[in-house]
Peer 1: 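Before anything else, here's the structure in question.
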Amino acid sequence: MKKTATFALVHFCVAFSVTYLLTGSWVLGGMVALIEPAANTVAYFFHEKAWERIGRRRALQTS
């Protein structure tokens with residue numbers, strides 16, 4: 001749990017920093033830092049589901 005929390009914090013800081021450096025806006029940096037990690041988390045969920053499906057198909061083919 002601690003590893004997940006620290007990774008979330010790192011992700012937030014990177015998203016904020018990159019956006020702030022590109023735009024100079026604290027507000028936009030904060031918005032992206034909140035929205036991007038949430039969207040990325042959803043995308044990662046579906047990415048993992050897809051890889052699980054691929055793994056099951058490969059296992060069936062080798063059986």
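Note that the structure is a prediction, hence the values are computed from the model and not measured.
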Peer 1: How many angstroms lie between CG in Leu28 and OH in Tyr20, if you round to the nearest 0.5 Å?
Peer 2: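 Atom-to-atom, Leu28:CG and Tyr20:OH are 12.0 Å apart.
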
Peer 1: In Å and rounded to the nearest 0.5 Å, what is the OG1 to CZ distance from Thr62 to Arg57?
Peer 2: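 Rounded to the nearest 0.5 Å, the OG1-CZ separation comes to 14.5 Å.
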
Peer 1: Find the distance between CH2 (Trp51) and CZ (Arg56) and round it off to the nearest 0.5 Å.
Peer 2: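 If I round to the nearest 0.5 Å, the distance is 13.5 Å.
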
Peer 1: Would you compute the distance between atom OG1 of Thr41 and atom NE2 of His47 and round it to the nearest 0.5 angstrom?
Peer 2: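 Between atom OG1 of Thr41 and atom NE2 of His47 there are 13.5 Å.
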
Peer 1: In this structure, which one of Phe45, Phe46, Tyr44 forms a side-chain contact (heavy atoms from CB on, under 4.5 Å) with Val42?
Peer 2: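 Going through the options one by one, the only one that passes is Phe46.
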
Peer 1: If you compare all heavy atoms of Val32 against all heavy atoms of Thr19, which two are closest, and at what distance to 0.1 Å?
Peer 2: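 Answer, listing the atom of Val32 first, then Thr19: CG1-OG1, 3.2 Å.
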
Peer 1: CE/Met31 to OG1/Thr23 distance, rounded to the nearest 0.5 angstrom?
Peer 2: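 With rounding to 0.5 Å, CE (Met31) is 10.5 Å from OG1 (Thr23).
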
Peer 1: What are the two closest heavy atoms between Ala15 and Ala33, and how far apart are they?
Peer 2: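 Smallest interatomic distance, heavy atoms only, reads CB-CA, 3.8 Å.
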
